[in-house]
Protein chains: 2
Amino acid sequence: MENRDNLLKCALDLFTLNGYDAVGVQTICDAAGITKPTLYHYFGSKSGLLNTLLAEELNPFLAQLESAANYRHDITDTLYQVAQTYFNFGRQKPHLYRFYLSMWFAPHDSEAFKAMQPFNDRQQSLLENLFAAAALDHGNMQGRQRTYAASFLGMINTYVMLALNGFSELDEDFVRRLLHQFMHGIFS
Amino acid sequence: MENRDNLLKCALDLFTLNGYDAVGVQTICDAAGITKPTLYHYFGSKSGLLNTLLAEELNPFLAQLESAANYRHDITDTLYQVAQTYFNFGRQKPHLYRFYLSMWFAPHDSEAFKAMQPFNDRQQSLLENLFAAAALDHGNMQGRQRTYAASFLGMINTYVMLALNGFSELDEDFVRRLLHQFMHGIFS
DNA sequence: AGAATAGTATACCAATCGGTACACTATCTG
DNA sequence: CAGATAGTGTACCGATTGGTATACTATTCT
């Protein structure tokens, strides 16, 4: 399993730095110091490698997100926890975060977009459920889960990208400003 | 010039649909019904084609943006005009808008990112100048042009993407909500 | 010991990539 | 009419793409 782990590590670095399409299978193998049949033995295909990679990197994050998005009858606080989870992720794995967003904007029929889509769907539905639950306590939010989830996600990504591009720090204050701005968009 | 224009049109469709990297020179030529030397006669290279394409599509937009971003001592109204310009663009050329954003998120050393960068820089500096001018009227905005410009751009892109993904309409009301939310983020 | 299984390398595949040498034609200019 | 110039097609280039047939080795199980 040593070669397998090494392949994943090298692929992650190369993908996040150069993008999925721009990195050839041969390049990954060279970086890992092995040959192609070894890669195809473990992952079956280049996209199989990407899928495995995303699963191993994102599933832990999604688990954290799941517990953060558990509604505790305080929508502001819950959203704060959610935003914190994203910010932590962006802080710890900035390259991966960028790579993920680049896949989100990739052409819809590309391997990269398809690989990323299920993870995005899980985030979206997690947040939709959160907003749906909150709407039981706040009548004026009713029926808008989809839009709320998408725009909250969009706003988080905007803020994280701002920070990744050096316009701010991903600190507590930045989370609070995000929350403040988003909540004002809802309740006015 | 008929073949030239036809090439640009076909390339635009293919790029916006499949992404820059995923479309080969041969594919473009087939779509335009010509052969490769013709393409290389007009544009010199694949990236030359992309650059020409972006220039012809985005320069008119940037001209509109320039006049919209002309500060008239009413920051809310000016930002409203700016946002309107973006929304119009997103409404008229949704595929191109998506393609543009995908280039923004592309790896920094890719052809696509390099081709898009100067256009982004012009938008950023246009907005920075606007916010700098507005800071003369609103002291509490002083010294924050860069962040304001980047976050306003980010918020616009978020809203346009929400609409392009079917979560909303790019209508007047949506612009107003964007403005409302952004201004509240500044003045509180 | 013998058989099965996982892991790995050599060497190859067809297809495609971006790009070009060269010859030809159409058109415009003197 | 002669010559220059722009535009275009045929046929090709070397490099790289994702992927594989086959044989070898190392380990593990019976």
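Letters go in sequence order (proteins before strands), and every chain restarts at 1.
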Report summary line: Taken in chain and number order and not counting sequence neighbours, the residues that satisfy ring-ring contact (aromatic ring centres under 6.0 Å, His included) with Phe105(A) are Phe105(B)
Query raised in the report: For DNA chain D, what residues of residues 37-46 of chain B have any heavy atom nearer than 4.0 Å?
Result: Pro37(B), Thr38(B), His41(B), Tyr42(B)
Query raised in the report: Does any donor atom in the side chain of Tyr86(B) or Gln64(B) lie under 3.5 Å from an acceptor atom in the other side chain?
Result: no
Query raised in the report: To the nearest Å, how far apart are Asn6(B) CG and dT8(D) C1'?
Result: 14 Å
Report task. Consider only side-chain N and O atoms of Asn88(B) and Gln92(B), and report whether a donor and an acceptor are under 3.5 Å apart. Result -> no
Report summary line: When rounded to whole Å, the CD1 to C1' distance for the pair Ile34(A) and dA6(C) reads 15 Å
Query raised in the report: To the nearest Å, how far apart are Phe15(B) CZ and dG18(C) C1'?
Result: 12 Å
**Report entry** Aromatic plane relationship, Phe131(B) with Phe182(B) - under 30° parallel, 30 to 60° tilted, over 60° perpendicular
**Finding:** tilted
Query - Check: His73(A) ring centre within less than 6.0 Å of Tyr71(A) ring centre - result: yes
Query raised in the report: Using a cut-off of less than 4.0 Å, is there contact between a side-chain N or O of Asn3(A) and OP1 or OP2 of dT8(C)?
Result: yes
Requested in this report: Starting at atom NZ of Lys36(B), determine the distance to atom C1' of dT8(D), rounded to an integer number of angstrom.
Outcome: 15 Å
Query raised in the report: How close or far is atom P of dG18(C) from atom CG of Asp30(B), stated in whole angstroms?
Result: 12 Å
Requested in this report: Using whole Å, report how far CD of Gln26(A) lies from C1' of dT16(C).
Outcome: 17 Å
Requested in this report: Whole angstrom is fine here: how far is it from OH in Tyr20(A) over to P in dT17(D)?
Outcome: 13 Å
Query raised in the report: Does the separation of the ring centres of Phe87(B) and Tyr159(B) fall below 6.0 angstrom?
Result: no
Report summary line: Between CG of Leu7(A) and P of dA6(C) the distance, given in whole Å, is 18 Å
